[in-house]
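Atoms within a ligand are numbered from 1 in the order they appear, just like the ligands themselves. Treat the numbers as computed from the prediction; the structure is a model and nothing was measured.
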Amino acid sequence: MKKLSVAILGFGTVGQGVRDVLCNHQDRLKEIAGIPVEISTILIKHPEKHHTKAPHVRFTTDFQSVLDDPAIDVVFEAIVGKEPAYSYLRQCIIAGKHVITANKEMFQAHGQELKQLAAEYDVGIGFDATTAGGIPIIQTIQHLLQVNKINRVQAILNGTSNYILTDMRENGSTFDDALLKAQSLGYAESDPTNDIEGYDALYKLKILCELIFDEQPVWEHVKCVGISQISAKAIKQEAASGNRIKHIAEIALTEGAITANIAPKSVSAEHPLYAIEGVNNAIHMKTDIIGDLTLSGPGAGAFPTASAMVEDFCHIVNKHMKAEGKVTTIAYS
Ligand SMILES: NC(=O)C1=CN([C@@H]2O[C@H](COP(=O)(O)OP(=O)(O)OC[C@H]3O[C@@H](n4cnc5c(N)ncnc54)[C@H](OP(=O)(O)O)[C@@H]3O)[C@@H](O)[C@H]2O)C=CC1
Ligand SMILES: N[C@@H](CC=O)C(=O)O
């Protein structure tokens, strides 16, 4: 029987989430693709760490074997950092494979080039999971806000920071204990520096900025402040006056110039981001037709991130693979 074969690069929190979502929703995916979707290969770095192996799935450390396998049509990338992720995805696109990534550090640096390359080779490229976890913000901006112009975005884009700030305020946890919990829940990166120093939110803001304004401010002039210096005392004082400290990333187009800011801010109960708690993220947009629009939901973790990647996969199946005749055009029943 004809099958749609995919590979997963990286098998940590996100890669395992993708595996689970693909396996647990096989019937729905078969309805969408018209043929069964199967994971053929999983690329890892340290084979000694991976003992539970799924039947029929090949675990490998050899990327070339993924690239050279003509049966693999779609590659999910969930490894850490710019390289080798960028080189891998570049080669996959050139080999005619559709790609889906969660890797914001890589995508904020190379996304434009990869998008152009994907257009040139007529393959799909999904990157919704790079920004705000499970919130479908990229697909919403790309496909659902075609006429609306977005003038300003204020957002909570780092799940770890919001989780820590909430846990310190609600439960009186220390910063270090809250960070440990965020790590054990799979929210924080294995090196959490980018999370707590604001760079992870900066990466996501860059991806949004490119998509919304098709240009970038001079980022070297933009101050990027994280939450690592926020004291329990400051959180308590703000709470006593009815306010909450939130880590807010903003971009705005004012008189033809893009301005940006990434920093913790004290917000009152009337602020659209005040009620966003725990690992949740939110993107509050000012648009010229709808007016104010806020999307919120889980911003990190295995399943929200895997959900964004698998939704990208479904979009690629519908937009590219049906036209290629790789999958059926009539929904399976
Ligand atoms: N965790 C989250 O909530 C979210 C994460 N992301 C992004 O998704 C990506 C993955 O994150 P996460 O799953 O949390 O990270 P983990 O650290 O849990 O997992 C990373 C995986 O990548 C593998 N890996 C690293 N380098 C290589 C390499 N050179 N070749 C092959 N495999 C490699 C590791 O292999 P091994 O296991 O063998 O060491 C590991 O399985 C990151 O870019 C992250 O920023 C995006 C949204 C949310
Ligand atoms: N470490 C990130 C994971 C999702 O992008 C976060 O905490 O937001």
Side-chain angles (χ1 to χ4, degrees), residues 7-20 41-53 59-67 75-89 100-111 126-135 137-138 155-166 178-179 181-205 207 226-227 247 249 276 278-283 297-309 312:
I8 303 173
L9 312 186
F11 200 55
T13 302
V14 176
Q16 290 178 34
V18 171
R19 186 269 319 265
D20 289 348
T41 310
I42 293 176
L43 184 82
I44 37 137
K45 191 173 182 183
H46 303 100
E48 67 283 1
K49 273 170 48 184
H50 302 277
H51 299 300
T52 9
K53 298 198 173 151
F59 278 71
T60 183
T61 54
D62 176 17
F63 170 70
Q64 195 63 38
S65 70
V66 176
L67 195 63
V75 173
F76 291 85
E77 186 263 312
I79 60 183
V80 180
K82 293 187 194 127
E83 284 294 357
Y86 165 63
S87 305
Y88 286 175
L89 290 195
I100 296 159
T101 181
N103 185 339
K104 59 264 166 156
E105 182 169 359
M106 180 279 297
F107 204 79
Q108 58 89 27
H110 299 294
F127 57 98
D128 218 317
T130 61
T131 306
I135 304 174
I137 184 62
I138 303 293
I156 293 175
L157 293 176
N158 185 259
T160 300
S161 297
N162 206 48
Y163 178 88
I164 292 173
L165 292 173
T166 305
L179 174 57
K181 283 191 239 174
Q183 282 176 311
S184 72
L185 289 163
Y187 304 153
E189 311 290 318
S190 46
D191 173 355
T193 310
N194 287 345
D195 290 311
I196 63 174
E197 299 302 347
Y199 300 116
D200 180 82
L202 169 71
Y203 297 156
K204 293 164 176 169
L205 196 62
I207 294 168
I227 62 156
H247 187 254
I276 309 304
V279 73
N280 284 339
N281 281 188
I283 301 103
F303 286 114
T305 312
S307 160
M309 296 184 88
D312 273 346

[Y] side chain reached by [X] side chain, heavy atoms, under 4.5 Å:
X: Lys49; Y: Ile44; answer: no
X: Ile42; Y: His50; answer: no
X: Asp200; Y: Leu157; answer: no
X: Tyr88; Y: Val66; answer: no

Ignoring hydrogens and angles, tell me if any N or O in the side chain of Gln16 forms a donor-acceptor pair with the backbone of Thr13 under 3.5 Å. no
Given 3.5 Å as the limit, does a donor-acceptor pair link the side chain of Glu197 with the main chain of Gly226, or not?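 No; judged by distance alone, with no hydrogens or angles, the pair does not exist.
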According to the interplanar angle, ranging from 0 to 90°, do the rings of Phe107 and Phe127 count as parallel (below 30°), tilted (30 to 60°) or perpendicular (above 60°)?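 Plane angle under 30°, so parallel.
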Only heavy atoms of [X], strictly under 4.0 Å: list the atoms of ligand 2 that pass.
X: Lys204; result: 2 (C), 4 (C), 5 (O), 6 (C), 8 (O)
X: Glu189; result: 1 (N), 2 (C), 3 (C)
X: Tyr187; result: 1 (N), 2 (C), 3 (C), 6 (C), 7 (O)

Return the protein residues near ligand 1 (heavy atom under 4.0 Å from any of its atoms), ordered by chain and residue number. Gly10, Phe11, Gly12, Thr13, Val14, Leu43, Ile44, Lys45, His46, Lys49, His50, Ala78, Ile79, Val80, Pro84, Ala102, Asn103, Lys104, Ala129, Gly186, Glu189, Ala300, Gly301, Thr305
Measure the distance from atom 4 (C) of ligand 2 to every protein heavy atom, then report the residue, atom name and distance (to 0.1 Å) of the closest one.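 In this structure, atom 4 (C) of ligand 2 has Lys104 NZ, 3.3 Å as its nearest protein heavy atom.
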Which residue and heavy atom of the protein sit nearest atom 8 (O) of ligand 2, plus the separation: Gly159 N, 2.8 Å
NZ-CD1 distance between Lys204 and Ile156, expressed to the nearest 0.5 angstrom: 12.0 Å
Where on Asp200 is there a heavy atom closer than 4.0 Å to ligand 2, on the side chain, on the backbone, on both, or on neither? side chain
Answer side chain, backbone, both or neither: which part of Asp195 comes under 4.0 Å from ligand 2, heavy atoms only.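 Near ligand 2, Asp195 shows its side chain, while the N, CA, C and O stay back.
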Gly299 near ligand 2 by a heavy-atom separation under 4.0 Å: yes
Criterion side-chain contact (heavy atoms from CB on, under 4.5 Å) against Phe76, the qualifying member of Val14, Thr101, Val18: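 The side-chain contact (heavy atoms from CB on, under 4.5 Å) with Phe76 is passed solely by Val18 among Val14, Thr101, Val18.
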Sole candidate of Ile137, Thr305, Ile135 that passes side-chain contact (heavy atoms from CB on, under 4.5 Å) when paired with Asp128: Ile137
Determine, considering heavy atoms only, which of Thr160, Ile164, Thr13 sits nearest to atom 7 (O) of ligand 2. Thr160
